[in-house]
There are 2 protein chains.
Amino acid sequence: MDKSTEEKIYEAARKVFILKGMEGARMQEIADEAGMNKALLHYYFRNKENLFKAVFKDIFTKFFAKLKDTLLSSATTREKLTVFIDNYIDLITANPYVPSFIINEINRDPKVLSSLMFENFMEPAKVLKLFFNEVESANKSVVDPRHILTSLMGMLVFPFVARPILQMVLFQDDKVAYNNFLEERKEVVKNMMFKLIEI
Amino acid sequence: MDKSTEEKIYEAARKVFILKGMEGARMQEIADEAGMNKALLHYYFRNKENLFKAVFKDIFTKFFAKLKDTLLSSATTREKLTVFIDNYIDLITANPYVPSFIINEINRDPKVLSSLMFENFMEPAKVLKLFFNEVESANKSVVDPRHILTSLMGMLVFPFVARPILQMVLFQDDKVAYNNFLEERKEVVKNMMFKLIEI
DNA sequence: GTCTATATGGCGATAGAC
DNA sequence: GTCTATCGCCATATAGAC
């Protein structure tokens with residue numbers, strides 16, 4: 001573990017912010033997690049907001065960068081969808097609190113988005129556009145691809161952000177059964193998407 | 001406006017908590033919103049957590065009670081779905097911050113759910129069960145109705161909770177265009193659902 | 001760079017007058 | 001019941017020794 005002090009702070013902050021959010025996180029807790037003193041956080045990042053912005057940008061960027069790669073990697077629309085859905089569910093499974101963290105923060109302070117958007121949205125937007133065009137030509141029912149994408153994302157993200165409710169109502173709070181349900185969703189969502197765009 | 005003081009506090013708290021969440025809300029702000037002194041909030045609710053719990057329970061219950069009624073009101077599965085989707089989008093449109101508020105709070109402290117669940121989940125669960133059975137028998141592709149419900153809810157909720165991102169990426173932050181998109185979704189989601197369960 | 005100690009402000013909560 | 005004034009705590013942030 002020969003990470004620099006700054007890296008240690010960064011990773012500790014990432015962990016705590018994702019779990020507690022900007023408002024719930026405590027500088028002391030981040031310092032404890034990083035195994036150092038609170039004053040050092042201010043030495044490196046000056047204040048809490050700076051630290052948060054750096055971490056949020058990183059989380060947001062990495063979370064969408066992976067998806068962009070997916071969309072560029074495969075050949076056919078059907079393959080792209082398959083790989084995208086598999087990768088997305090794996091990605092969220094590995095970072096289950098990230099979607100609700102992002103949803104919470106962008107609604108709490110939409111300004112956190114505008115600072116990222118030009119650098120981080122424009123390129124993915126192009127990739128998405130290409131993907132849209134593909135979906136559109138494959139899509140025999142001629143639904144606006146924005147609706148298709150929104151539905152796809154909703155089908156993938158909702159079971160994670162609403163997990164406490166769904167696990168309780170649908171599975172009597174059985175955690176293992178719910179994990180199973182999430183794994184099943186890969187095939188289920190694929191089939192639903194193929195049916196929706198009729199490919 | 002001859003509301004009781006307690007009602008005024010309640011409504012002010014509802015407004016502020018939905019926008020700022022439990023941690024972001026300030027007792028002072030709620031008092032200002034209610035047009036009275038901070039001390040009165042403590043006189044009526046003793047502390048912030050009590051006030052929050054009362055408000056959360058109310059919001060949560062009302063938000064799902066309406067849906068239960070919808071599911072009981074219509075005759076055929078197709079009609080039920082139609083009314084459900086129309087009502088749900090209207091309900092969220094009228095309370096756009098409620099879904100992200102609920103998602104945020106249940107992930108921040110899952111205990112807020114367990115206190116409600118027996119009283120508020122059990123009856124809706126029965127209604128849902130009936131709805132499931134209907135969907136299941138109508139559903140020629142034999143997909144687990146839990147997956148169908150999850151997809152439906154995701155398709156409905158996601159465009160609201162992820163609005164800042166979607167509005168920016170899909171509509172260059174054009175608010176009017178996005179409102180239009182949300183209204184369109186009523187028909188789009190209906191058609192998608194009919195296609196998915198093949199009715 | 002890293003620590004201890006402390007300043008500063010804000011917030012939830014209470015005391016007590018009316 | 002409703003107000004003003006204030007307490008006590010906790011969190012961010014800084015000062016300053018090493």
Side-chain angles (χ1 to χ4, degrees), chain A residues 1-59 97 101 104-109 111-112 115, chain B residues 1-59 97 101 104-109 111-112 115:
Chain A
M1 293 297 184
D2 52 349
K3 289 171 201 160
S4 73
T5 301
E6 190 167 341
E7 278 171 333
K8 283 186 206 159
I9 295 174
Y10 210 84
E11 288 173 21
R14 187 188 149 88
K15 194 182 274 187
V16 174
F17 276 133
I18 285 177
L19 283 176
K20 305 289 180 72
M22 163 68 182
E23 282 166 341
R26 295 291 163 249
M27 294 298 266
Q28 184 60 59
E29 192 179 353
I30 296 173
D32 293 345
E33 178 73 35
M36 66 184 62
N37 194 278
K38 209 172 47 166
L40 270 184
L41 310 192
H42 290 91
Y43 177 79
Y44 280 94
F45 289 90
R46 200 171 85 244
N47 59 37
K48 186 181 178 183
E49 199 184 333
N50 272 358
L51 178 55
F52 175 78
K53 280 185 181 169
V55 169
F56 181 84
K57 180 174 180 169
D58 186 52
I59 293 170
Y97 297 106
F101 166 74
N104 180 27
E105 297 301 333
I106 63 176
N107 281 292
R108 184 184 63 81
D109 177 20
K111 276 182 233 164
V112 296
S115 58
Chain B
M1 295 299 180
D2 51 348
K3 288 171 201 158
S4 74
T5 301
E6 190 167 342
E7 280 171 334
K8 283 187 208 160
I9 295 173
Y10 210 83
E11 287 172 22
R14 187 190 149 88
K15 194 182 274 187
V16 175
F17 276 133
I18 285 176
L19 284 176
K20 307 287 180 72
M22 163 67 182
E23 282 167 342
R26 295 291 163 249
M27 294 298 267
Q28 184 60 58
E29 192 179 353
I30 295 173
D32 293 345
E33 179 72 35
M36 66 185 60
N37 193 277
K38 205 173 52 165
L40 270 183
L41 310 192
H42 289 91
Y43 177 80
Y44 281 94
F45 290 90
R46 201 171 84 247
N47 59 38
K48 186 181 179 182
E49 200 185 334
N50 272 358
L51 180 54
F52 174 78
K53 281 185 181 168
V55 168
F56 182 84
K57 180 174 179 169
D58 186 52
I59 293 170
Y97 297 106
F101 166 74
N104 181 26
E105 298 300 334
I106 62 176
N107 281 292
R108 183 184 63 81
D109 176 19
K111 276 182 232 163
V112 296
S115 58

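Throughout, protein chains are lettered first and strands after them, A, B, ... in sequence-line order, and every chain is numbered starting at 1. In this text, all values refer to a predicted model and were calculated from it rather than measured experimentally.
- Atom CE of B:M22 is separated from atom C1' of C:dC11 by 12 Å (rounded to the nearest Å).
- Atom pair A:M27:CE and C:dG9:P shows a separation of 18 Å (rounding to whole Å applied).
- Inter-axis angle, ends of the helix from C:dG1-D:dC18 to C:dC18-D:dG1, five pairs per end, rounded to 10 degrees: 10°.
- Here the side chains of A:D32 and A:R26 are not in contact, with every heavy-atom distance at 4.5 Å or above.
- The backbone N or O of A:Y44 lies less than 3.5 Å from no partner atom in the side chain of A:E6, so there is not a single donor-acceptor pair.
- The aromatic ring centres of A:F52 and A:F17 sit less than 6.0 Å apart.
- Of all nucleotides in DNA chain D, those with any atom nearer than 4.0 Å to a heavy atom of chain B start and finish, going 5' to 3', at D:dG1 to D:dT4.
- Of the residues in residues 32-44 of chain B, B:K38, B:A39, B:H42 come within less than 4.0 Å of DNA chain C through at least one heavy atom, sorted by number.
- Of the inter-residue distances, the one linking A:E23 atom CD with A:N104 atom CG reads 7.5 Å to the nearest 0.5 angstrom.
- Across all strands shown, A:A25 has heavy atoms under 4.0 Å from sugar-phosphate atoms exclusively, and none from any base.
- In this structure, A:K48 contributes its side chain and A:L41 its backbone to no donor-acceptor pair below 3.5 Å.
- To the nearest 0.5 angstrom, B:M27 atom CE is 5.5 Å from B:L51 atom CG.
- A straight line from CD1 of B:I30 to C1' of C:dC11 spans 12 Å, rounded to a whole angstrom.
- The backbone N or O of B:A54 sits less than 3.5 Å from a side-chain atom of B:Y10, completing a donor-acceptor pair.
- Rounding to the nearest 0.5 angstrom, the gap separating the CZ atom in B:F101 from the CD1 atom in B:I59 is 4.5 Å.
- Here the rule is side chain to side chain donor-acceptor pair (under 3.5 Å) with A:E33, and of A:K8, A:R14, A:K15 only A:K15 fits it.
- Inter-residue side-chain proximity for B:V55 and B:D58 is flagged as unmet; no heavy-atom pair is nearer than 4.5 Å.
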